[in-house]
Student: 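This is the structure I want to talk about, given as structure tokens.
This structure is a prediction, so every number in the text was calculated from the model and none was measured.
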Amino acid sequence: MVDDIISSFPDEILCHILSFLPTKHVVATSVLSKRWKFLWRSLPFFDFHYDGDLFDYDRNNENYSHFLHSVDSFLLSRDKDQPLHRFRLRSDSTYGHPVSIQRWITAAVSRSVRHLDLYLDWGFVLPSVVFSCKTLVVLKLTFIQVENTFSVDLPLLKILHLDNISSPEGLDLSQLLSGCPNLEDLEVKGFISTTKGKVIRLPKLIRASIHEDLLPLEVVKDVEVLFLDSKYQQILDFDFQNLVRLELILQHSKDWLGVLEVLEHCPKLQTLLICIYKSSFDTFLAGHEEVVWSYPQSVPVCISSHLKTCSLKYYSGSIDEIQFASYIMGNATYLRSMNVCIDSESHFTFGEKLHMERELSSCMKSSDICTLSFKYSS
């Protein structure tokens with residue numbers, strides 16, 4: 001029987017399989033057979049998700065109490081000597097029980113947690129002990145409040161994602177990053193204060209995703225992969241010497257020149273992805289202007305010498321978009337793929353879509369191996 005075959009697997013393999021399931025489903029496997037009865041207690045992964053009904057307070061309160069009891073029971077029942085590799089907790093509300101959650105997080109830290117992923121609510125204050133957890137490799141925090149002053153010592157941390165982190169007096173990102181000498185992946189977005197003090201060097205940083213002016217771009221100038229949104233207004237006086245992949249968000253027709261200005265500082269760029277989130281009014285104006293922007297006097301080095309893939313997501317076929325796509329194809333000598341993605345929920349007729357494709361297909365290509373593809377993006 002299939003069940004017998006699976007049950008014969010070593011504990012390490014079974015635990016790996018179970019690691020892909022929510023913890024409540026993992027515990028449920030204890031009824032399968034004697035082989036499974038106590039296996040879940042040694043599982044080094046913790047994954048709980050509570051999603052309450054905002055319109056039913058009584059039922060929500062009852063369900064949340066059950067959720068708290070379930071988590072407490074799990075922590076008390078599992079082997080205390082077993083390390084906790086991953087602790088993932090998502091709760092839309094702490095419902096007046098922040099002490100319980102703080103206790104769980106502190107327990108995870110004491111058990112040498114490596115991956116900590118918390119999605120809570122604005123009122124929850126994160127225990128400061130998290131920022132001195134010497135075993136942490138991955139730290140992801142969403143909708144959490146941190147204390148004003150705390151020391152940071154995260155020597156093994158490689159991945160740090162911060163989304164809508166608040167602090168009574170503003171979060172000092174420079175202080176936080178200074179305690180992460182081995183950081184390789186950084187994502188910062190949402191309501192977070194700007195960095196205070198000197199610019200921090202992160203020599204091992206490979207990937208960064210920065211929203212708004214939350215960090216000086218000089219902090220991430222050595223990365224290989226970078227995401228920026230259109231709210232960035234910083235003047236660049238340095239080059240991204242290692243950057244090979246760049247993702248940008250564009251919200252206005254006039255921003256195309258700004259894109260080219262950024263590309264001037266990315267001499268080795270090979271992949272460019274632009275997500276176009278223009279308003280319908282902006283798209284209407286762009287589609288009725290004869291000239292949206294003038295071609296720059298010189299072509300950025302990355303376009304003429306290195307760019308291999310360019311993708312335009314949520315393309316609408318406005319004049320400014322056609323002009324940019326034409327500019328790329330006409331100057332990118334080594335371009336292999338020009339990908340145009342149309343929103344799958346757009347109201348373009350078949351004829352309009354066919355016209356977009358024919359219009360771009362007629363543009364001159366500097367690369368003999370460049371292929372133009374049209375896709376639908378969700």
Student: Is the closest side-chain heavy-atom distance between I342 and Y314 below 4.5 Å?
Tutor: no

Student: With the 4.5 Å side-chain cut-off for hydrophobic clustering, are V113 and F48 part of the same group?
Tutor: yes

Student: Would you give the length of the straight line joining atom CZ of R88 to atom NE2 of H115, rounded to the nearest 0.5 angstrom?
Tutor: 5.0 Å

Student: Does any donor atom in the side chain of S373 or N339 lie under 3.5 Å from an acceptor atom in the other side chain?
Tutor: yes

Student: Once rounded to the nearest 0.5 Å, what's the spacing between atom CD1 of I274 and atom SG of C341?
Tutor: 12.0 Å

Student: Would you call L176 and V152 a side-chain contact if the rule is heavy atoms closer than 4.5 Å?
Tutor: yes

Student: Taking atom OH as the centre, does Y334 end up with more than 12 heavy-atom neighbours from other residues, nucleotides or ligands that are less than 6.0 angstrom away?
Tutor: no

Student: Taking all heavy atoms of L312 and all of E321, pick out the closest pair and write down the distance.
Tutor: CD1-O, 4.4 Å

Student: For residues N182 and K204, report the shortest heavy-atom separation together with the two atoms involved.
Tutor: OD1-NZ, 2.7 Å

Student: Flag the pair L89 / L120 as yes when at least one side-chain heavy-atom distance between them is below 4.5 Å, and no otherwise.
Tutor: yes

Student: Does a side-chain heavy-atom distance below 4.5 Å link L257 with D255?
Tutor: no

Student: Decide whether M364 and L360 are clustered together by the hydrophobic rule: side chain heavy atoms of Ile, Leu, Val, Met, Phe, Trp, Tyr closer than 4.5 Å, transitively.
Tutor: no

Student: Any non-hydrogen side-chain atom of L263 less than 4.5 Å from a side-chain atom of I303?
Tutor: yes

Student: Shared ILVMFWY cluster between V125 and V130, side chains joined below 4.5 angstrom?
Tutor: no

Student: Give the minimum heavy-atom separation between V220 and A208, together with the two atoms involved.
Tutor: CG1-CB, 3.6 Å

Student: Look at R207 together with E187 and state whether they make a salt bridge at an N to O cut-off of under 4.0 Å.
Tutor: yes

Student: For a 4.5 angstrom cut-off between non-hydrogen side-chain atoms, does I144 reach L118?
Tutor: yes

Student: CG/L156 to CG/L136 distance, rounded to the nearest 0.5 angstrom?
Tutor: 8.5 Å

Student: So which atom in M356 and which in S316 form the shortest heavy-atom distance, rounded to 0.1 Å?
Tutor: CE-O, 3.3 Å

Student: Compare every heavy atom of L139 with every heavy atom of L154, then report the nearest pair and how far apart it is.
Tutor: CD1-CD2, 4.4 Å

Student: Measure the shortest side-chain to side-chain distance between E352 and E357 over non-hydrogen atoms and say whether it is less than 4.5 angstrom.
Tutor: no

Student: Measure the CG-SG distance between D153 and C180 for me, rounded to the nearest 0.5 Å.
Tutor: 9.5 Å

Student: How are the rings of F143 and Y119 set to each other: parallel, tilted or perpendicular (split at 30° and 60°)?
Tutor: perpendicular

Student: Got a sec: does the CZ of F350 have more than 12 other heavy atoms crowding it under 6.0 Å?
Tutor: no

Student: Applying the 4.5 Å side-chain criterion to the ILVMFWY set and letting contacts propagate, would V146 and V129 be lumped into a single cluster?
Tutor: yes

Student: Tell me whether K353 at atom NZ has more than 12 heavy atoms from other residues, nucleotides or ligands lying less than 6.0 Å away.
Tutor: yes

Student: Treat each ILVMFWY residue as a node, draw an edge where side-chain heavy atoms are under 4.5 Å apart, and state whether M329 and I369 are in one component.
Tutor: no

Student: Which value, rounded to the nearest 0.5 Å, describes the distance between L272 atom CG and I328 atom CD1?
Tutor: 6.5 Å

Student: What are the two closest non-hydrogen atoms of A332 and S367, and how far apart are they?
Tutor: O-CB, 3.5 Å

Student: Around atom CZ of R201, are there more than 12 heavy atoms of other residues, nucleotides or ligands at under 6.0 Å?
Tutor: yes

Student: When rounded to the nearest 0.5 angstrom, what distance separates CZ in F324 from CD1 in I276?
Tutor: 8.5 Å

Student: Does a side-chain heavy-atom distance below 4.5 Å link Q102 with F124?
Tutor: yes

